[in-house]
Amino acid sequence: MRCVLLLVMCSQLAPAQAPARPRGGGGSGSPVPGFLQFNGALSKLFGEHKAFTAQMEIEVRQGSADENMTMPTKLSFLDGNSRIELDLARAKGPQIPPAMAEQFKAMGIAEMTMLSRSDKQTAFLICPGLLSYAEMKPEGGAGDADKVKVQTSEIGKESMDGHACVKNKVMVTDAAGKATESTVWNATDMKGFPVRIETADGKDKVTMKLKDVKFTKPASALFDPPAAYTRYADVQVMMQEGVMKKMLGGAGAKPAK
């Protein structure tokens, strides 16, 4: 997992100029942070819950920063595949000046959707405002989900958002041998569903709070990029070309033939 935020990349975009290449990023050289990619390893934290939707607030604290950055999102999950919808205009934090929300909207990048397809070992970043999406390798690369190992140790009991929870330390080791440790609050009145997940990466910490959980099966079509959108093989190229067209008065990239 990388904690170089997608918001940092977007803040580098400016009218009539291409975005600078950010440092670090998600898998395959992508600037998308790993916590937006629910790959086969991270999805194991949901245990027996294979289909649900939830409102999810993501908090990110980088290094010695005094304040968190928060992003409200919607999570849909189906059989190991995830869809995260986010509105950058609603993100808050010291890195985001008030005027930036309108800038995001003008660029066509305020609303984004992250799809992670564990069944196809791929991921997609969709920009509806640009009528485009980029395909990328999932964080951690391809791997056999059956080889993912999960070790859970109870460290206490604690109430969280009105739910009695078992607080667990969970170590997930993916097929490539990369281990990720998280602290997870599993609600006893929701069959152990995780209502809070905290994951640290060095001095950075990501917290996910899940609310308004509905255990209904999302439509499978939600986990495919729109067929009419232009497909890119690189997120940065999509941003460069799509935003330039948007700022020059276009409606976004033209659908592929």
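By convention here, the first residue in the shown sequence is residue 1. Computed from a prediction, not measured in an experiment: that's the story for all the values here.
- Here the closest heavy-atom approach between residue Gly80 and residue Ser118 is recorded as O-OG, 3.0 Å.
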side-chain contact (heavy atoms from CB on, under 4.5 Å) between Lys178 and Thr173, worked out: CA-CA 5 Å; Lys178 179 183 178 181; Thr173 305; over 6 Å; no
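- Residues Thr152 and Asn168 bring no donor and acceptor atom of their side chains to less than 3.5 Å of each other.
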Evaluate the criterion side-chain contact (heavy atoms from CB on, under 4.5 Å) for residue pair Glu57 and Met71; output intermediate values, then yes/no. CA-CA 6 Å; Glu57 182 179 83; Met71 288 189 291; over 6 Å; no
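- Residue pairs meeting the salt bridge (Lys or Arg N to Asp or Glu O under 4.0 Å) criterion with at least one partner in residues 98-110, sequence neighbours excluded, are Glu102-Lys105.
- Atom CE of Met114 sits about 12.5 Å away from atom CG of Leu75, to the nearest 0.5 Å.
- Under a hydrophobic clustering in which Ile, Leu, Val, Met, Phe, Trp and Tyr are joined whenever their side-chain heavy atoms come within less than 4.5 Å, directly or via other members, Phe124 and Phe223 fall into different clusters.
- Counting only heavy atoms from C-beta outward, the side chains of Lys209 and Val195 never approach each other to under 4.5 Å.
- Side-chain heavy atoms closer than 4.5 Å link hydrophobic residues (I, L, V, M, F, W, Y) into clusters, and following such links, possibly through other members, connects Val184 to Val148.
- Side-chain atoms of Thr199 never come within 3.5 Å of backbone atoms of Val206 as a donor-acceptor pair (strictly under, hydrogens ignored).
- Side-chain atoms of Ser153 and Lys169 include no donor-acceptor pair closer than 3.5 Å.
- For the atom pair CD (Glu111) and CD (Glu85), the distance works out to 9.0 Å, reported to the nearest 0.5 Å.
- One distance of note links CG of Leu125 with CG of Leu115; it measures 9.0 Å at 0.5 Å rounding.
- Inspection of the Asn68 and Glu59 side chains reveals an N or O donor paired with an N or O acceptor under 3.5 Å.
- Residue Glu158 qualifies as enclosed at atom CD: its count of foreign heavy atoms under 6.0 Å is above 12.
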Between Val60 and Asp204, does a side-chain contact (heavy atoms from CB on, under 4.5 Å) hold up when you go through it step by step? CA-CA 7 Å; Val60 181; Asp204 302 334; 5.9 Å; no
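- Taking all atoms of both residues into account, the shortest heavy-atom contact from Thr207 to Lys205 is OG1-CE, 4.1 Å.
- Residue Leu130 is grouped with residue Val237 when hydrophobic side chains (ILVMFWY) are merged at heavy-atom distances under 4.5 angstrom, including chains of intermediate members.
- Shortest non-hydrogen contact noted between Ala89 and Phe104 is N-CD1, 4.3 Å.
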Asp224/Arg117 under salt bridge (Lys or Arg N to Asp or Glu O under 4.0 Å): CA gap, chis, key distance, verdict: CA-CA 9 Å; Asp224 291 314; Arg117 292 292 302 261; 2.6 Å; yes
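- Considering SG of Cys127 and CD1 of Ile109, their distance stands at 7.0 Å, rounded to 0.5 Å.
- Here the shortest heavy-atom pairing between Pro226 and Tyr133 reads O-CE2, 3.9 Å.
- Between Leu88 and Met112 the shortest side-chain heavy-atom distance falls below 4.5 Å.
- Remark: Arg231 engages Glu135 in a salt bridge, criterion side-chain N to carboxylate O under 4.0 Å.
- Residues passing the side chain to side chain donor-acceptor pair (under 3.5 Å) test with Glu154 are Lys157, sequence neighbours excluded.
- Shown here are the side chain to side chain contact (heavy atoms under 4.5 Å, CB included) partners of Asp189, two or more places apart in sequence or in another chain: His163, Ala187.
- The shortest heavy-atom contact between Pro225 and Ile126 is CA-CD1, 3.8 Å.
- From Leu222, atom CG reaches atom CG of Leu78 across 9.0 Å, with rounding to the nearest 0.5 Å.
- Residues Met69 and Lys92 have side chains not in contact (no heavy-atom distance under 4.5 Å, counting atoms from C-beta outward).
- Separating the CZ atom in Phe193 from the CZ atom in Phe46 is a distance of 5.5 Å, to the nearest 0.5 Å.
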Run the numbers on Phe215 and Lys191 for side-chain contact (heavy atoms from CB on, under 4.5 Å), then give the verdict. CA-CA 11 Å; Phe215 295 106; Lys191 296 183 177 180; over 6 Å; no
Chi angles and distances behind the salt bridge (Lys or Arg N to Asp or Glu O under 4.0 Å) call for Arg196, Glu198: CA-CA 7 Å; Arg196 183 184 179 104; Glu198 291 184 358; 2.8 Å; yes
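- The main-chain N or O of Met136 is found under 3.5 Å from a side-chain atom of Thr122 such that the two form a donor-acceptor pair.
- Cluster membership check: Val150 shares its hydrophobic cluster with Leu45, using side-chain heavy-atom separations under 4.5 Å among Ile, Leu, Val, Met, Phe, Trp and Tyr.
- With hydrophobic clusters built from ILVMFWY side chains whose heavy atoms lie under 4.5 angstrom apart, Ile155 does not share a cluster with Val166.
- Ring geometry, Phe77 versus Phe52: the interplanar angle falls under 30°, so the pair is classed parallel (tilted spans 30 to 60°).
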